[in-house]
Structure formats: C-alpha cells, structure tokens
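Worksheet: one structure, shown below.
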There are 2 protein chains.
Amino acid sequence: LVVLRDVRKVYRMGDVEVQALHVRELTIRRGEFVAVLGPSGSGKTTLLNLVGGIDAPTSGQILFDGEDISGFSDRQLTLFRRENVGFVFQFFNLIPTLTAEENVRFAVDLASRDGVPPDRDPKALLAKVGLADRVSHFPKQLSGGEQQRVAVARALAKNPKLILGDEPTGNLDFRTGKLVLSALRDVNRDEGAAVVLVTHNMPLAAIADRVLHIRDGEIASVEINERP
Amino acid sequence: LVVLRDVRKVYRMGDVEVQALHVRELTIRRGEFVAVLGPSGSGKTTLLNLVGGIDAPTSGQILFDGEDISGFSDRQLTLFRRENVGFVFQFFNLIPTLTAEENVRFAVDLASRDGVPPDRDPKALLAKVGLADRVSHFPKQLSGGEQQRVAVARALAKNPKLILGDEPTGNLDFRTGKLVLSALRDVNRDEGAAVVLVTHNMPLAAIADRVLHIRDGEIASVEINERP
Ligand SMILES: Nc1ncnc2c1ncn2[C@@H]1O[C@H](COP(=O)(O)OP(=O)(O)OP(=O)(O)O)[C@@H](O)[C@H]1O
Ligand SMILES: Nc1ncnc2c1ncn2[C@@H]1O[C@H](COP(=O)(O)OP(=O)(O)OP(=O)(O)O)[C@@H](O)[C@H]1O
Ligand SMILES: [Mg+2]
Ligand SMILES: [Mg+2]
C-alpha cells in the first residue's frame, strides 16, 4: 500500500541541520498492522507524517497505491489524505467549535461521497470508545483522554485504507486503552484497513503483525510477531 | 501544606450537570509525594486544577499553608500560583514564541525575586531531562515528548513548594520517562517540594508515599507505600 525509498527528512535551523529521519526502504502492506516504537525525539511522528502525507520528504520517494506522493503540493496532499488516511494526531487537532459528535460527523461527511456504510454512525463510533454520554461536549469540556478518544473515533469514521495513530493511548489508563485497541483491531480485521501506530504501550505493540524499532531517525530493527 | 474540605466541582451545560469531583477530606503534607491514578474522565485533572489554584471549586474549602484560596479572584490565584506552584500541564502550555531555554528562564525570572539558587540554571534543568541539545528549539520544532520535558523543566525551575504533574510522562518512552522520574524525585528529596502526580505510569506511582485511586469524581481508595 505504501512504499518509502531512500526517504530523508532534514530540518534546517540557521546553519544547524537536524537529520530527523532516514528510511532506506519501508513497505506497508494492505491490511497490515504495524507498531512503531522508539525513544522520545527518535523520529516517529516525522515518519508518520511522511507516510500519511501530512508532510513532504526532503528527498526520496513515497508511493501510495503505486502513486508517487512525495512531490505533491499541499493542496494535492490535502485531497489525498481526505480520501485515504485516518489520522489520530499526537495532540488530537479537534475542531474546538464542534461537539464530539460533530467532530466525528464532519469526517464522515467528507468521506461519504464514496457511500457511507451505516455503521459509520458517529454516535456508534463514540460509544465504541466509551464516550456515549459525552457526544454533545465541546473539546474544552472533555478530559484529555476523552479528547484523544474523539480523535480516534474521527479517524475510524471515514473507513480509510490507512489509519495512522500517533500514541493514540498516550493519555489513557490501561482499561480505557483496551477499548481503543479493540476498535483499531476491529477496523483492521473487519474493514481491512492498514494500521500504523506509534506507541509506548507494549500490549498495543503485541497485537501488531510487525514492530519497527526507531532510533536516532533510522529503523534500527524489525520484529515479526507470530500469530497464535 | 494543602487541605481540601468537602470540595465539589460541578460543570453545568444547559440543564445537564456533570459532577466532575467531590472530595470530602484531603490533606497533602509538606514534602509528600502523592500519585493519583484513575480512569480517563474520572476527575484527576479537575483535582489537580483545584489543588494548584488553576480553578476554583463550586463549593467547599481549599487551604494552602493555612490560607483559604477557595474564594480567590483570578488575579489572586495567578499571583498565588506564581509564588507557590510549579505545574506540568497535560498539554504543556509552552509559550510558542520562546525557545525551550527561554520558556524555562521565563519561569525562573518570575520566581527569582525570592533569590534563585545557582542550580536553577535553565540549561542545567533541560540537560537533566535529556534536552541539552534542544535548548534553542521553539516548541513547534520539538517532538511531543521533548515539549513535555520542557514543561517539566519549567515547573522545576522556580523551586516551588508544590509541584503538580498532569501525566508528565504521557508522551515518553520508558527510559526517557525515568529521567523525568529522577528529576521529580530529586526535587522532592533535596528541595523538600511536595509533588502530586497524575499518572498512568505504574513505576511512577511506586515511588510515591501515597497513591490516591480516583473513580467517578471521588477518591475510591488510598494506598500507603512502605519505604524500603
Ligand atoms: N468544562 C467542562 N464542562 C463539562 N464537563 C467537563 C468539563 N471539563 C471536564 N468535564 C468532565 O469532567 C470529567 C472529569 O474531567 P477530568 O479532566 O478531571 O478527567 P481526567 O481524570 O483528568 O481524565 P483524563 O485521564 O482523560 O485526562 C470528565 O468526564 C469530563 O468530561
Ligand atoms: N521543525 C523542526 N525543526 C527542527 N527540528 C525538529 C523539527 N521538528 C522535529 N524536530 C526534531 O526532529 C526529531 C524527531 O522528531 P519527532 O517529532 O519525529 O520525534 P518522536 O519520535 O515523535 O518523539 P516523541 O516520542 O517525543 O513524540 C526530534 O529530535 C525533534 O527535536
Ligand atoms: Mg511524536
Ligand atoms: Mg486529565
């Protein structure tokens, strides 16, 4: 589904260069569940942003469904993402003037010209992550972990080919985190969505097909999980 | 140091009432290290905001060093906090137009009319949380976990009587989280600061003197940790 070839992301600050990421070769298969682990500052968000077309690489090639998106303009990237990617951002990016339900519905409407399956009901998605009685709250009336879960529901709402989660359980206790885990696992198994999750949460990494260990902007090792 | 008596926080949304918190009795002793655990939405941030004077209770009494702060105006609360409380917010609240070092220095300057011990050097504090080579980055040039660590350094910088951390390792891997843990432990042991941490991180809870378990806005149970 996604192929990265000799991709680099370099940030320039005056005459200082930060080599945030260098990936020689990475393939994410359709329907695969990948976990990304690594220390703070190692380049995980940078990797996710490139895979999901939030950002463009400094050099190298990124193919999505065979199409090269590494040279896309901002406008092209926006349309590409709207069609194909559900993103749970590290800091959520909810729309403050919309309720939880409206935030999710907004994503459904954007995707719905493809025909929306009935279970993409915003209320049902919010209930799945334990927020049935918070649907009319605005983001500033929600706890940190509740906002995070609205962001998860929104990413799932458009039933995309690829779901990217940047530490989607970072603000959640163990049991609430498991609700999110099952929601992600279901969309992977039932809808065939590829899922790439950055996480510090070991039980989440354990359900992945493959675990990428990132260090200092490079993929240091890859672990394959044997299915029971 | 801090006493809460029959404190309630109720949010009203139209004709719906959210009973976010009800604490009958809570005392936080000088120099004590307290961990607060509980599910997402259970009232932890609400509790921290009341203890630290970020927010005022709907009813009840809050005493800090014997002084009743529950009736303070916003202005009084701001001055009170500046003097007494170092806060690591769930979403950091860094100043976007200041670098990491300047964000920390800003807090030091606000507190320094009390006389600043030489080790409140912003660079030294940032180095303590592993950010020695990120001191000149602006918040948007930092990873999520790096921003979180700047927020930790800033809270420690003013050497306050009380440090409040709202999931201060939520965006950190295990090893980077341990840097933050030692920094908090040091300020508790060496400077005698009381520390109250909301956390989902069990090793952090293990080093506390006392662990409060919150559920549905109430303190469901209290665990005392025996010192080795
Ligand atoms: N302004 C508000 N209006 C209405 N309800 C609110 C408001 N702020 C918070 N709440 C509700 O109060 C409850 C407690 O919120 P709080 O932020 O203290 O939870 P928390 O324990 O910190 O959760 P988390 O672990 O997810 O950060 C939540 O259920 C939340 O929906
Ligand atoms: N705009 C920028 N300018 C300069 N350096 C940057 C910029 N954005 C990120 N960086 C640096 O690039 C590195 C990788 O950042 P990234 O956000 O990918 O890390 P991460 O693995 O997601 O970390 P965390 O787990 O803390 O979220 C970090 O060291 C960061 O300081
Ligand atoms: Mg990140
Ligand atoms: Mg909270």
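Side-chain atoms are counted along with the backbone in the values below, which use heavy atoms only and exclude waters and symmetry mates. Residue numbering restarts at 1 for every chain, and letters A, B, ... go by the order of the sequence lines. Worth saying up front: this structure is predicted, and the values here are computed from it rather than measured.
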Can you tell me which of [options] forms the most heavy-atom pairs within a distance under 4.5 Å of chain A?
options                                   : value
Glu146(B), Gln148(B), Met202(B)           : Glu146(B)
Ser42(B), Gly170(B), Gly177(B)            : Gly170(B)
Leu172(B), Asp166(B), Thr176(B), Thr45(B) : Leu172(B)

Exercise. Between atom OG of Ser40(A) and atom CG of Leu142(B), what is the distance when rounded to the nearest 0.5 Å?
Worked result: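 Rounded to the nearest 0.5 Å, the OG-CG separation comes out at 9.0 Å.
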Exercise. How long is the span from the CE atom in Met13(A) to the OG1 atom in Thr99(B), to the nearest 0.5 Å?
Worked result: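 Going from CE on Met13(A) over to OG1 on Thr99(B), the span is 9.0 Å.
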Heavy-atom count check: over 12 atoms from other residues, nucleotides or ligands less than 6.0 Å from [X] [atom1]?
X         : atom1 : result
Asp133(B) : CG    : yes
Asn93(A)  : CG    : yes
Arg189(A) : CZ    : yes

Would you mind checking which part of [X] comes under 4.5 Å of any heavy atom in chain A, side chain (CB onward), backbone (N, CA, C, O), both or neither?
X         : value
Val16(B)  : neither
Ser136(B) : backbone
Phe92(B)  : side chain

With a 4.5 Å heavy-atom cut-off, do [X] and [Y] have their side chains touching?
X         : Y         : answer
His137(B) : Val18(A)  : yes
Asn171(B) : Phe91(A)  : yes
Pro39(A)  : Arg175(B) : no

Exercise. Quick one: what part of Ser143(A) sits under 4.5 Å from any heavy atom of chain B, side chain, backbone, both or neither?
Worked result: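 Side chain only.
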For this session: Begin with the C-alpha distance, continue with both residues' side-chain angles, and end with the deciding distance and a verdict on side chain to side chain contact (heavy atoms under 4.5 Å, CB included) for His200(A) and Thr169(B).
Result: CA-CA 11 Å; His200(A) 297 308; Thr169(B) 61; over 6 Å; no
